[in-house]
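Side chains included, hydrogens not; waters and symmetry mates left out as well; all remaining heavy atoms used. Order of the sequence lines sets the chain letters (A, B, ...), proteins ahead of strands, with each chain counted from 1. Predicted model only: the values in this text are computed from it and were never measured.
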Amino acid sequence: MMKLLSQRLLGPVTLVLLALTFWFGLWVTPPDKIQGNLARLLYVHPAIAWVALYLSFGTATIASALYLWKRSRSVVMDRVAHCAVEVSLVFIVLTLITGSLWGRPTWGVWWAWDARLTSTAILGVFAVGYLALRRANDDFEQRARRSAVVAILAAINVPIIHFSVQWWKTLHQGASVFTPGGNFKVHGVMLTTLFISLAAFTLLFFWLLRARYRVEVLREERQQVSLDEALAQRRREGVH
Amino acid sequence: MIRTALLVCAKDLRIERRSRVLLWQVLPFGVMALVLSGLALGPTHAGHSSAGPGLFYLVMLLVALLMINRSQVIEGTPGTKASVATLGLDPAGVFLGKALALAVELWLTGLVLLGGSVLVLHTALVGTLSALPSVVVTLAALAAAGTLYGALSGGGQGPATLLPVLSLPAFSPLLIAGERSFSAALHGGGLWRWWLISLVALVAYLGVGILLYGVLEES
Amino acid sequence: MIRTALLVCAKDLRIERRSRVLLWQVLPFGVMALVLSGLALGPTHAGHSSAGPGLFYLVMLLVALLMINRSQVIEGTPGTKASVATLGLDPAGVFLGKALALAVELWLTGLVLLGGSVLVLHTALVGTLSALPSVVVTLAALAAAGTLYGALSGGGQGPATLLPVLSLPAFSPLLIAGERSFSAALHGGGLWRWWLISLVALVAYLGVGILLYGVLEES
Amino acid sequence: SPEVTLRDAVVLVGGFPLLSGVNLELAPSSITVVTGANGAGKTSLLRLLAGLVTLTSGEGVVAGVDLKGDLRELRRRVGWLGHEGSFYDDLSASENLVFAAKALERPTSDVANVLERVGLASRATTSTKQLSAGQRRRLGLAWLLLRRPALWLLDEPYASLDDEGRTFFDQLIGDVVAGGATVVVSAHDPLRSSALAPRTVTLAGGLVVTDRS
Amino acid sequence: SPEVTLRDAVVLVGGFPLLSGVNLELAPSSITVVTGANGAGKTSLLRLLAGLVTLTSGEGVVAGVDLKGDLRELRRRVGWLGHEGSFYDDLSASENLVFAAKALERPTSDVANVLERVGLASRATTSTKQLSAGQRRRLGLAWLLLRRPALWLLDEPYASLDDEGRTFFDQLIGDVVAGGATVVVSAHDPLRSSALAPRTVTLAGGLVVTDRS
Ligand code: HEM
Ligand SMILES: Nc1ncnc2c1ncn2[C@@H]1O[C@H](COP(=O)(O)OP(=O)(O)OP(=O)(O)O)[C@@H](O)[C@H]1O
Ligand SMILES: Nc1ncnc2c1ncn2[C@@H]1O[C@H](COP(=O)(O)OP(=O)(O)OP(=O)(O)O)[C@@H](O)[C@H]1O
Ligand SMILES: [Mg+2]
Ligand SMILES: [Mg+2]
């Protein structure tokens, strides 16, 4: 019952929250003192980035780990991991875009050699590699295992990459929202909006994930049909 | 595990010694790449040694890619893979063995290229020597990671077609760390934290490899 | 000759399209190499665009080396070589065809990498565009030289494998010329002189190839 | 219990069914000849039994190992002789066997007399690249002689063996089966030695079509 | 004048004599079966005749070309079928043949019916990597059918061909020889078709030891 309800509601709620985010972000909140209207990107970019790095990659990694663990090995885990990485690639690209859009006016360049930027880009390449690997292997078992290992390697790399480029001189925003001790540097309605946006994009992620998952299932069903077709044909090769 | 590792490592190194690929192809290639990158940067940069470490690792990365590919190729035809599979070697051992062999080759190449960069890119000799330990660790990490990614990218379509796209993002932090600690060794500065990154990476990859290499080979 | 050239070129390109090596191996490698060399050179250099042309050609060179190797590999097993040899293709045509295919691949990669260097290394867009013709010619020359070098070193064991070293003098002038005319395009200056060098080199290599490729294949 | 049991075994590679539903039971210490037209699925069947490809659907138990289970364990129990060489090309004949012996923790002293048995003593130090087609086949047999597996899977063993080699092969598998091992051979021509009365399974279109003892 | 003439032909590779002084004369439009123990030198002999290895000492004229002369010219006149595949693995069966046809300036329309003749019509679009051993052999034959060379050099053509394939092969070389071409086959078992009365040359240690018609 609850499950059904949540499935029903996921879409609508996401849409409502997104709408809220944009309404608040564009009209309710005041323009920033220094950055002016640019600051409004604050309600999109960090949330997207959060989904891209932590939420989606986290999902993919956990699913992959669960696949590799014999006890919980199942097709579902493989599919979830696959879909999560695909969605995450989308969000990473969005992060890069919103980021560069923000960077051009604030830093004066589209791109800079900065810890977070670089690590985000590198993570993007990881996602691409993961998807490439899936295309290259057609044996299900092999594909599932290999891609699971890649996902986990990526997860291990995220911190390494992060630190290695951390210690570069950085000009990206430091933690200005989730600061240790929870004393936020952003205030009032801006903060609320920020949190709404976080919630909205988080839900959006799960919504997309579920949609993508369903497509995957349908695709596999269609494959099954064409498989029976292929089997019949192969058997016919026997009789002359 | 160790027995298998040594067996496999010995086998790989012997094959390499036979086929002379390291001596006649990889080394000249590396030196050439080094010299040319010196040229490519033009007189303005090639002069001052600050570019040295970066170029060194860039070339090492390239060499590593070639060697990783190679260390998969010498595993031979599908036929060979099949019958070796029936020997039931301990995968963890195989991983360690191949990684070790790769590391040895990378160390040799690295030594030569370091000499090269001292001569060609005028990197300070003393600094270079004091960078050796970090170079050793970084290259070892590169070897461990490379062996894993080699196994991952092999088997599919074509020989290790996927290797670069899979491995480069993982190599980049190694490259950065290596380059940083090398420059630190040259110009002084916080050498250790970079060294640490390489070390952590090395340990991480060895761990993952020992645990998961079997999963890759299995299918 | 032209017919053979087109036939061979089409064949090589089709195989490349099949095996997706360009897409999944060469391009990612190129992009990462660009990014990494940006990193490797450190903030000090990567910042100002003066390193741009040098890095671009450096990476293109490395990419070219991968592709040259590849364009020999796709000629296949000894068995394949044997039966293709019995087709009696005109060697000059084969040379042109393989060079053309290689050039096309290099052009594609170059285009992507130019875009990359504009984004990543902040090389001026206008200057980059005005550098295009010289880039095209230089890469073509690289392809021609590379095809020759590939055929030479394709022999496997024996003295032929020494050629990576010997080919150093072949590639370096191209690299320098390219880099010079690129920077010239960026900062203004005698663009044509360097352009001319690349052009001469291109013609020279094409000539040599057409005349001598047969001799190389012979044995 | 049978050494090999397959139920509706389907093997799918790249969307193409190499095997389209094989049912087969093989008794221990028996000789089976798998035959059929080119592309019928002989090699694929042997590869499945060797645990070199994964079962897409259906069930199978080979040498006591479930095909859905630990394939590495299965591979450890079978011996495989394929079309292509089955060893490191850059190593010499004896180096290859020494490698195998060490991996199997067999005394390396066996190597010399195994080479002797397959008639490669005079080529012990030649790199396997340079061996002739038949000699490579013989080296493959030598490799198996070191292993002495429980289940022998041989893909067209006669191909490029000379008369003497074929006779040797016949008596070899004779001994092997007498020793309790099971042998599955794919072949286009029947075994020559009348001593061996093999069961003959004919494949077509990835299916077993006839099955004579 | 004979199609093949060898006098004391010696072929050295890596210091090892693959052929140690072969004397041989083959009449035009004749069928010759070269046989002998593994490692006797059959493949090496065929490779010499195909101009794929150079003559170290002795003389030889093949298809009117001196072996010390322009080997490329010789290669153009012979057709070669080796152990390993003889085509681009990444291309499909028909793509390979289309390539050959274009190179030989034959109409590409031939390709379809050549594939039909060797029984690969149903695999025309499969990449050759994925073909079975026998199918690869058949593709090799198709390649030769397009070429229709003057001198056919076939290394163990029977290997991994099924019955139907072997019968096809026999009648094929029957036609070829009737058409005036010369055929040299290396084999371990005699040709099956009694219609062909081949001359049988036996090699041992890189020498011709017996020669029966
Ligand atoms: C291409 C350029 C950019 C990329 C790839 C990028 C990437 C990211 C990533 C990955 C995060 C999440 C980090 C985390 O939560 O740990 C993030 C957060 C954030 N970014 Fe960016 N960013 C870019 C440009 C910018 C610019 C130009 C600004 C503003 C001047 C900006 C402001 C922020 C802020 C305020 C956060 C939230 C910080 C926090 O509280 O963690 N970003 N960005
Ligand atoms: N991707 C694919 N598309 C189409 N057909 C394929 C594909 N992969 C494999 N095949 C076919 O599957 C079959 C493989 O069969 P297998 O190699 O087992 O034959 P075989 O019985 O060993 O034949 P041979 O006697 O020639 O060795 C071949 O017919 C091959 O053409
Ligand atoms: N470098 C080398 N050192 C020692 N022996 C060599 C070397 N190169 C080739 N040989 C030998 O030369 C012979 C090559 O003969 P070839 O391949 O022509 O035999 P074949 O008659 O075709 O045998 P098969 O019937 O097995 O095909 C083999 O005996 C091989 O061992
Ligand atoms: Mg077969
Ligand atoms: Mg032979």
Side-chain angles (χ1 to χ4, degrees), chain A residues 57 61 64-65 67-70 73 78 85 89 92 113-115 117-170, chain B residues 95 138 141 144-145 148-181 184 189-209 211-219:
Chain A
F57 247 84
T61 311
S64 306
Y67 182 87
L68 285 183
W69 191 38
K70 278 210 166 48
R73 175 167 300 173
D78 182 49
V85 172
L89 185 56
I92 288 177
W113 289 117
D114 155 79
L117 276 61
T118 314
S119 47
T120 313
I122 293 179
L123 201 61
V125 183
F126 260 117
V128 173
Y130 179 95
L131 297 176
L133 183 74
R134 290 197 77 95
R135 296 180 80 268
N137 295 279
D138 41 25
D139 174 42
F140 168 80
E141 192 68 14
Q142 195 179 41
R143 190 204 309 135
R145 290 175 178 196
R146 291 186 165 190
S147 41
V149 173
V150 170
I152 287 176
L153 281 174
I156 293 175
N157 268 283
V158 170
I160 297 181
I161 294 173
H162 196 75
F163 283 113
S164 66
V165 281
Q166 254 301 316
W167 298 340
W168 223 262
K169 71 161 198 229
T170 175
Chain B
F95 165 74
T138 313
L148 260 175
Y149 282 103
L152 274 167
S153 53
Q157 267 81 314
T161 302
L162 288 174
L163 185 58
V165 72
L166 280 179
S167 61
L168 284 171
F171 288 169
S172 47
L174 292 176
L175 193 77
I176 297 171
E179 191 269 336
R180 290 286 92 185
S181 57
L191 195 153
W192 295 105
R193 52 182 198 183
W194 299 111
W195 214 77
L196 194 71
I197 285 193
S198 313
L199 207 57
V200 169
L202 172 58
V203 174
Y205 279 117
L206 285 180
V208 176
L211 289 179
L212 295 185
Y213 200 74
V215 178
L216 298 183
E217 279 198 323
E218 203 156 322
S219 48

> Below 4.5 Å, heavy atoms only, C-beta onward: do L152(B) and L153(A) meet side chain to side chain?
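Yes - at least one pair of side-chain heavy atoms lies under 4.5 Å apart.
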> Below 4.5 Å, heavy-atom pairs only: which of A204(B), A170(B), S167(B) has the largest tally toward chain A?
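When all of A204(B), A170(B), S167(B) are compared, A170(B) has the most.
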> Is the shortest side-chain heavy-atom distance between D78(A) and R134(A) below 4.5 Å?
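D78(A) vs R134(A): side chains touch.
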> Relative to each other, are the rings of F95(B) and Y213(B) parallel, tilted or perpendicular (30° and 60° limits)?
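Aromatic pair F95(B)/Y213(B) classed tilted.
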> Are any non-hydrogen side-chain atoms of I92(A) and F57(A) less than 4.5 angstrom apart?
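The answer is yes; the side chains approach within 4.5 Å.
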> Examine whether an atom of L68(A) lies under 4.5 Å from a heavy atom of chain B, and if so say whether it belongs to the side chain, the backbone or both; otherwise answer neither.
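It is the side chain, since no backbone atom gets that close.
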> With a 4.5 Å cut-off on heavy-atom pairs, point out which of I156(A), L133(A), V128(A) contacts chain B the most.
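Looking at each option in turn, the highest pair count goes to L133(A).
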